[in-house]
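To start, the structure itself, in structure tokens.
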Amino acid sequence: MKKKISKTEAKEQIENFFENINEKSPKEIKKIKRLAMKYNISLKEKRKLFCKNCLSPHKNPSIRIKNGFIRINCGNCDYTSKWKIK
Ligand SMILES: [Zn+2]
């Protein structure tokens with residue numbers, strides 16, 4: 001990242017990025033995560049859109065709901081992400 005951008009601009013970049021998350025590569029996701037961290041921006045719900053193990057976007061996720069938890073199985077690395085239903 002050579003050019004310095006404001007936090008608002010960083011947020012916009014992240015928003016735009018996640019609109020086409022399915023077309024992104026793990027490498028790009030890694031980059032945007034780093035950007036978010038640098039600007040102290042929380043990805044919140046967006047974190048559910050990709051696998052936190054291999055950073056692949058969840059394209060055809062198999063979603064299971066059990067005991068108040070949502071589980072998504074990554075089609076790429078078979079890692080199971082889970083989080084509590086609010
Ligand atoms: Zn994965």
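Residue numbers start at 1 and run along the sequence shown.
- To the nearest 0.5 Å, atoms CG (Asn73) and OG1 (Thr80) are separated by 4.0 Å.
- For the side-chain hydrogen bond (donor to acceptor under 3.5 Å, both in side chains) test, residues two or more places apart in sequence or in another chain that qualify with Ser56 are Asn76.
- Distance CG/Leu35 to CD1/Ile41: 6.0 Å, rounded to 0.5 Å.
- Residues Leu49 and Ile29 have side chains not in contact (no heavy-atom distance under 4.5 Å, counting atoms from C-beta outward).
- Note that OH of Tyr79 is 10.5 Å distant from SG of Cys74, once rounded to the nearest 0.5 Å.
- When all heavy atoms of Pro26 and Cys54 are compared, the closest pair comes out as CB-O, 3.5 Å.
- By the neighbour-count criterion of 12 heavy atoms within 6.0 Å, atom NZ of Lys52 is sparsely surrounded, having that number or fewer from other residues, nucleotides or ligands.
- Atom NZ in Lys31 sits 8.0 Å away from atom NZ in Lys27 (nearest 0.5 Å).
- Residues satisfying the side-chain hydrogen bond (donor to acceptor under 3.5 Å, both in side chains) criterion with Ser6, sequence neighbours excluded, are Glu9.
- For the pair Tyr39 (side chain) and Arg34 (backbone), a donor-acceptor distance under 3.5 Å is absent.
- Residues satisfying the side-chain hydrogen bond (donor to acceptor under 3.5 Å, both in side chains) test with Glu45, not counting sequence neighbours, are Lys48, Lys86.
- Rounding to the nearest 0.5 Å places CE of Met37 at 12.0 Å from OG of Ser42.
- Other residues sharing a hydrophobic cluster with Trp83 under the 4.5 Å side-chain heavy-atom criterion for ILVMFWY residues are Ile63, Ile65, Ile70, Ile72, Ile85.
- Gln13 places a side-chain heavy atom less than 4.5 Å from the side chain of Ile5.
- Atom NZ of Lys33 and atom CD of Glu28 lie 15.0 Å apart (nearest 0.5 Å).
- Legend: salt bridge (Lys or Arg N to Asp or Glu O under 4.0 Å) pairs involving residues 56-83, not counting sequence neighbours: none detected.
- Residue pairs that meet the salt bridge (Lys or Arg N to Asp or Glu O under 4.0 Å) test with at least one member in residues 12-24, sequence neighbours left out, are Glu15-Lys46.
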